[in-house]
Amino acid sequence: MSVSETYLRWRYRLVPDHVVGEILAKRWIDNAVPLLILFAVIAAFGSAIPDFFSAASVGDLARQWGEFSLLVLALMVVMVAGGIDLSVGSTFALGNIVALALITVAGWPMWAVAVATVAAGAAVGLVNGLLVGYLRLRAFLTTLVTLIIVRAVVDMLLLAYSVSIAGTFIESDPWYFLGEGYVLGVPFSVVVSVVLALLIHLVFSRSRAGWHVLAVGGSRRSAYNVGIPVRRVICATYVVSGAMAALSGLLFASRLGGAGADTGVGMEIAALTAAVLGGNSLGGGRGSAAKAVIGSITVLIMVNSLVRLGVSSGANSLLLGLVLLGAVAIDVRWLKNRHKLLSKVYVSPTYARLPPAPPTEGASPYAVNDRLRDVELIGLGEIDGPEDVILDADDNIYAGNRTGDIVRFLAPDYRRHEVFAHVGGRPLGMAFAKDGSLLVCIGGMGLYRVTKQREVERLTDETNRSWLSVIDDSRLRLADDLDIAPDGRVFFSEATVRYEMHEWPVDCLESRGNGRIICYDPNAGTTRTVLGDLVFPNGICMAGDGQSFFFAETWACRISRYFFDGPKKGRVEVVIPDLPGYPDNINRASDGTYWLALVGLRTPSLDLALRMPGFRKRMARRIAPDEWLFANINTGCIVRFDETGRIIETLWDRGGENHPMITSMREHKGYLYIGGISNNRIGRLKLEGFDASWTGPASYWGRP
Amino acid sequence: MRVFGRLSQEQIVFGLAVLLTIGFALTLPGFLTANNLLNLVRSVSILGILGVAMGLVVIGRGIDLSLVALMAISVAWALQLAAGGYPLWLALALGLGFSLAVGMINGWLIAYVEIPAIFATLAMGAAIYGFGRYFMFSLDVLYMSDNARPLEALGQGSLFGVPAPIYLFAAVCLVTYLFLRYTAQGRYLRAVGDNLQTARITGAPVRPIIVLQYMISSLIGFVAGLVTAASVASMNTRVANSTMVYDVILVVVLGGIGLSGGRGGVRNVVVGTLLIGVLLNGMTIMDIQYTVQNVIKGVILLAAIVIDTLLNPRDEQTAQQGDI
C-alpha cells in the first residue's frame with residue numbers, strides 16, 4: 001500500500017466527515033445561529049458596560065425580560081400557525097390601562113383585576129382570530145388595523161382615567177407582589193414567563209393541540225385535508241396571543257403603576273424582531289418556545305444596553321431595523337438553502353479497500369455456468385420485489401411484497417395466492433419461530449411478528465442509543481434480515497443507520513460501517529446492539545452449533561461468523577473475506593452447508609472508486625444522483641459454502657432472463673426457492689441429490 | 001353577496017362617497033361650498049399622491065411600509081442641506097438620490113434576497129428613520145430655510161383658484177396611469193403582480209421590475225414629501241412613526257386594489273382618496289374627537305379588508321405558504 005493511500009486510510013478513519021451532514025440534519029441546528037448571536041451580544045455589551053453583570057443590573061433586566069418574553073411568546077404562538085399578530089403592542093397597552101383602571105378607579109380585588117385584564121386581551125385576540133381564522137383575512141393587515149383601533153381605544157381610556165389613576169394610591173399587597181415580588185429570589189414576572197414558556201414547549205412538543213398548530217403552520221392545505229379544524233386552530237392561537245399580551249401588560253402595570261401615551265408603542269416591532277431573530281419562521285410551521293426565549297433575551301439586551309450606553313433613539317431604531325432585516329434575510333436564505341446544503345454534504349464516502357476479487361471463469365469455484373436457466377417461475381407479474389421467501393411446514397410460500405403485504409402462495413401448485421398479512425411496510429428478511437409464527441424485518445418499521453392467526457404484532461422498533469452517535473440511532477431505520485437462536489433470541493441486522501429504505505444503495509457510496517447487528521430477547525423483552533460498525537450487514541443465518549451465526553456484510557463483500565455463546569463467546573471470525581460480488585441473505589442447506597445469495601457482482605471501476613473517497617465525494621456533490629457510480633445490483637448468483645468458508649458450488653443464470661437478481665433463496669424438500677428485491681417473480685429450481693424431505697422449520701425446531 | 005357580486009368594490013366605494021357627500025351637504029352647514037370642497041381635495045391630495053405610490057407597489061403584489069418614513073427623512077435631509085448652504089437644486093437632487101437609493105435597496109432585498117415585502121419595508125422604515133435621526137440631523141422638525149422658499153409654491157400656490165397640490169395630485173395620477181397603460185414596464189409590473197411565476201416563465205424581467213416598482217414608489221413619495229414640506233414650510237420627521245402609512249394602505253385597499261396584486265389602477269386610488277377626504281372633512285366639521293376619528297377610520301379599513309376578502313377570496317390552492 002502506497003504512502004499516500006495509507007495517509008488516505010488514516011485520514012478517513014480519524015476525521016469523522018459524516019458528522020457534518022448529521023448535525024445539519026438535526027432539528028436543533030436551527031437554534032445554533034440564534035444562540036451564537038446571543039452569546040456575541042452578551043460578550044459585546046458585557047465588555048462595553050462596566051457593571052453589566054452586577055446583581056442589580058441582571059435583576060432589573062430579568063424583570064423586564066419577563067414582560068417582554070411574554071409578548072414574544074405570544075407572537076411566536078401565532079407565527080407558528082402561519083399568521084402574525086402585530087396588535088400585541090397595543091394589547092399590551094390595553095392590558096396596562098385596564099388593570100390600572102380596575103384596581104384604582106373601580107377598586108376591584110386583585111384576582112378579579114387579573115382575570116378581567118387577561119379576558120380583555122383574549123377578547124382582542126378573539127376579534128383577530130375570528131377575522132383571520134374564520135373570515136380568512138390577511139393576518140398582517142388585519143392585525144395592523146386592530147393595532148390602530150386598540151391603540152385609539154387605549155388613548156380614549158387614557159383621556160378618561162389617567163388623572164384618577166395617577167391620583168389614587170393602590171393598597172393591595174398582591175398587586176405589588178406582581179411587579180416587585182420575588183419567588184425564591186427570582187422576579188415574579190420571570191417565573192410567570194418561564195412557566196408559560198415550559199407550558200408552551202410541552203404543548204407544542206407533546207400534545208395533540210400543539211401538533212395541530214404546527215401542522216397548520218407547516219402546510220395549511222394538508223392540515224385541512226387530514227381533517228384538522230384549521231380555522232378553529234388559527235382562531236385559538238390569536239386568543240392565546242391576546243391573553244398573554246394583556247398578562248404582560250398587567251405585570252408592566254404593577255411594576256411601574258403608570259399609564260402613558262407611549263406605553264407599548266413600537267413594541268410589536270421589537271417583539272417581531274425577537275421572534276424572527278430567535279429562528280421562528282415567518283411562514284409558520286417552524287418555531288418553539290426556546291427560539292422565542294433566545295430571541296427575546298438577545299433583543300432585550302441590545303435595546304437596553306443601547307439606552308444605557310446613552311445612544312439616541314434614532315440609533316436604536318436604526319439598529320433594530322437592520323437587525324430585523326438581517327435576521328429575516330438569514331432566515332429566508334437558510335430555509336431556502338438548508339436542504340441543498342444538506343443534500344450536498346450528507347453523503348460522506350470513506351476509504352474502503354476490498355481484497356482482490358476472485359475470477360469467475362476457468363477453474364474458479366465461482367466459474368459462470370447456466371444452472372439457473374431451468375428455473376420455474378411462480379407468480380410472474382403478480383408479486384413486486386420479494387426480498388425474502390420462506391416456506392412453512394405445509395409447503396406454502398411466504399414472500400414480502402412492495403405494497404406492504406406478506407403474500408402467501410398456496411401449495412401444491414402455487415397458482416393461487418392471497419395476502420397473508422398487511423404489515424404496512426416493506427417486508428425484508430423472514431424466519432419461522434418455534435411456535436410457527438412468522439418473524440419479519442420490516443424496512444423503516446422494525447422487527448414484527450405475524451402469528452398463525454395472522455395478527456401483526458410489533459416486537460421491537462428501538463435499541464439502545466449509542467453515546468457518541470449524532471444521529472439518533474435508537475430508532476430502527478432499516479432492519480434487514482434475522483434469524484432465531486435455539487433459546488428464542490432473535491438476532492437481526494440493521495443495514496445502515498444513515499439511510500432510509502428507499503435510498504439504501506446510496507450507502508454503498510459511503511462504504512462505512514454504518515450498520516449493526518441487534519439482539520432482541522423475547523424472554524427479557526430487551527433489545528441491545530451486539531455488533532456495531534458493520535458495512536451494510538445483511539443476511540444472518542444460525543450455524544449448526546447453536547452458538548454462532550454467519551452474517552454477510554454487503555459492501556465489504558465478506559462473510560463473518562459471530563459467536564454469541566460457548567467458549568468463543570463474543571468473537572467475530574471472518575469466514576469468506578473476498579467474494580466476487582455483494583452478499584445478501586444466507587440460509588441453511590440440507591447437508592449442513594449454507595446457501596448465499598450474491599445480489600450483484602463487483603466491478604473494477606467501483607472497487608477502484610472505493611479507494612478514492614475524494615472522487616466519490618465530488619461525484620455526490622456535483623452530479624445528479626441518477627448519474628452516480630453505483631454498485632451493480634442487477635446480476636447475481638447463488639453460492640453454496642461450508643463452515644470453513646470453502647466454496648462448494650455456484651449457480652448462475654448466464655442469459656439473465658429467468659433470475660437476473662437474487663437476494664434470497666430457501667431450500668425446501670429438494671427444491672430451491674429464489675427471491676429478488678427488484679424481481680416480479682419467485683424462482684423454483686429442482687435440486688439433484690439433496691434430501692427431498694428436508695425443511696427449514698424442521699431443521700431449526702425439529703420434526704413437528 | 002349577489003348584490004356585491006355585480007358591483008365592483010370601486011363602484012361601491014364611489015357610491016358611498018357620493019351618499020356621504022349628499023348626506024353631509026344636507027346636514028352640515030358649510031360643507032357644500034366651493035371653498036370647502038377645494039379644501040377637502042387639497043387636504044387629501046398628499047394622501048392621494050402617496051396612495052398612487054402605494055397602489056403601484058400593491059398592483060405589483062408588494063407593499064411599501066417604508067414609504068412615509070422615507071418621504072420624511074429624504075425631504076428633511078434635502079431641507080437641511082438647503083439650509084446648510086447648498087443650492088436648492090443640488091439639495092433636492094441629493095434628497096431624491098437618497099430616496100431612490102433606498103427604494104433600490106428595498107427592491108433588491110425583496111426581489112433578490114427574497115425577503116417578504118412586508119418585513120423588508122417594515123424594517124427598512126425603522127432603519128431609515130434611525131439613520132436619519134442619527135446621522136443626518138438631530139432635530140425632530142426641520143424648517144424651510146430662505147433659499148428653499150421657491151418650493152413653497154408647490155404647497156401654497158394656486159392657479160385659477162385651484163391649489164397647487166391638487167394639480168400635482170392630478171399630474172402624478174396621469175403619469176402613473178400612462179405608465180401602467182402604455183409602457184412595457186408598466187404592463188410587466190401588472191403581470192408580475194398577477195402571477196409572478198407565469199411572468200417569469202413568459203420572459204418578463206421579474207426581478208428588475210420589482211426593483212423598479214420600489215424605486216418609482218420612492219420617487220413619488222419624494223414628490224409627496226415636497227408638497228408636505230411646502231404646505232407647512234417644514235418637515236416633521238415624527239410622521240415616520242405615525243400611523244400615516246396605514247392611512248395610505250386604507251386609501252389603496254378601500255379603492256379596490258386587491259392586496260393579492262395584479263388588479264386595479266389609478267382610478268381606484270382616486271375613489272378611495274375621495275371617500276376618505278369626505279369622511280375626514282365631515283368628521284372635522286362635526287368636531288369629532290381625534291381618537292374617535294382613529295377608531296372610525298380603523299373600523300372602515302377593517303370593513304374594506306373584509307369586503308376585499310369576500311369579493312376577491314384568496315385561493316387556498318394557489319396561495320403561497322407564508323404569504324401572510
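Atoms considered below: every heavy atom in the structure, side chains included; atoms not considered: hydrogens, waters and symmetry mates. So you know, we letter chains A, B, ... as the sequences are listed, proteins then strands, and number each from 1.
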Counting only heavy atoms not in Arg338(A) (residues, nucleotides, ligands), do more than 12 fall under 6.0 Å from its CZ?
yes
Neighbour count >12 (heavy atoms, 6.0 Å) for atom CZ, Phe204(A)
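Atom CZ in Phe204(A) is crowded, with more than 12 foreign heavy atoms closer than 6.0 Å.
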Under 3.5 Å, is there a donor-acceptor pair between the side chain of Ser317(A) and the main chain of Ala126(B)?
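Present.
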When you compare the side chains of Asn236(B) and Ser234(B), does any donor N or O come within less than 3.5 Å of an acceptor on the partner?
no
Would Asn128(A) and Ser87(A) count as having a side-chain donor-acceptor pair, cut-off 3.5 Å?
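Short answer, yes.
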Would you mind telling me which of Asn294(B), Val306(B), Ile249(B) has the largest number of heavy-atom pairs within less than 4.5 Å of chain A?
Val306(B)
Greatest number of non-hydrogen atom pairs under 4.5 angstrom with chain A, of Ala123(B), Gly132(B), Gly298(B), falls to Ala123(B)
Where on [X] is there a heavy atom nearer than 4.5 Å to chain B: the side chain, the backbone, both, or neither?
X	answer
Leu159(A)	side chain
Ile148(A)	side chain
Ile269(A)	side chain

Which portion of Gln293(B) sits near chain A, non-hydrogen atoms under 4.5 angstrom:
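Contact with chain A involves no heavy atom of Gln293(B) at all.
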Check whether Leu65(B) gets within reach of chain A through its side chain, its backbone, both or neither, counting any heavy atom under 4.5 Å.
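Contact with chain A is through the side chain of Leu65(B) alone.
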Is the shortest side-chain N to carboxylate O distance from Arg263(B) to Asp194(B) below 4.0 Å?
yes
